[in-house]
Amino acid sequence: MDVPESEYVTQLVDRLGHARAVYLIGSAAMGAYVPGRSDLDVMVVVDAPLSDAARDAIVARCSHQALPCPARKLELVVYTAEQVAAPARHQRWELNLNTGAGEPLHAGADPAAEPWFWLVLDLAQAREHAVTLHGPPPAETIGAVPRELAMEALADAVAWYARNEPGEPAFLAAARAWRFAETGEWSPKRAALGWAVQRLRSR
């Protein structure tokens with residue numbers, strides 16, 4: 001990342017207080033971050049469930065209004081250590097915060113109200129690729145995602161893109177799913193598309 005993003009992430013970690021761990025995940029952790037186009041994805045692990053007051057405090061300190069995000073938006077999810085230790089289909093979490101310039105503030109607190117598969121995919125990729133900003137390495141905190149669960153999450157993600165963002169986003173999601181199915185490797189979507197093209201050409 002360049003300097004503005006690095007400074008922002010440092011300030012964000014400071015504002016998160018006494019978290020057990022903070023990880024940078026997504027494109028910024030996998031070498032695919034594009035300034036002005038990519039999101040910054042951050043995973044936070046805490047020791048105990050958040051009270052309403054603690055949840056509200058994180059939103060207040062980390063919203064774009066309080067700490068302007070230099071990326072397209074910040075996607076920050078808070079979990080307890082117990083929740084990330086055993087990823088599951090009905091994945092639990094404490095806070096799902098999306099905030100950025102021109103983005104409506106979203107501070108979800110009900111896992112049942114939001115698609116489960118995004119979170120499982122985040123955990124699966126974070127276990128292998130997350131950048132530790134605070135705390136232990138990700139593999140010591142995040143439990144392994146069973147292959148069957150990862151495949152189900154990928155299938156649901158591809159279906160979501162087909163319904164909501166057809167065209168290039170759906171092709172990229174399908175390429176990522178195909179690469180994982182064939183190799184067991186997680187990669188940025190565009191890298192997966194390059195892999196898929198080469199695979200097709202070699203047939």
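Hydrogens, waters and symmetry mates play no part in the numbers below; they use all other heavy atoms, side chains included. For clarity, every value in this text was computed on a predicted model and none was experimentally measured.
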Look only at the side chain of [X] and the backbone of [Y], and say whether a donor-acceptor pair between them is shorter than 3.5 Å.
X      : Y      : value
Ser202 : Arg199 : yes
Arg176 : Ala192 : no
Arg127 : Thr141 : no
His134 : Ala19  : yes
Arg55  : Glu94  : yes
Thr99  : Leu74  : no
Gln125 : Asp122 : no

Nearest 0.5 Å, please: how far is [atom2] in [Y] from [atom1] in [X]?
X     : Y      : atom1 : atom2 : answer
Ser63 : Glu103 : OG    : CD    : 13.5 Å
Tyr23 : Leu123 : OH    : CG    : 11.0 Å
Leu50 : Leu95  : CG    : CG    : 7.0 Å

Residue pair [X] / [Y], side-chain heavy-atom distance below 4.5 Å:
X      : Y      : answer
Leu200 : Trp178 : yes
Val59  : Leu105 : yes
Ile25  : Val77  : no
Trp116 : Arg89  : yes

Item to complete: Sort out for me which residue in Leu40, Asp39, Asp41 forms a side chain to side chain contact (heavy atoms under 4.5 Å, CB included) with Tyr33.
Response: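 Only one option passes, and that is Leu40.
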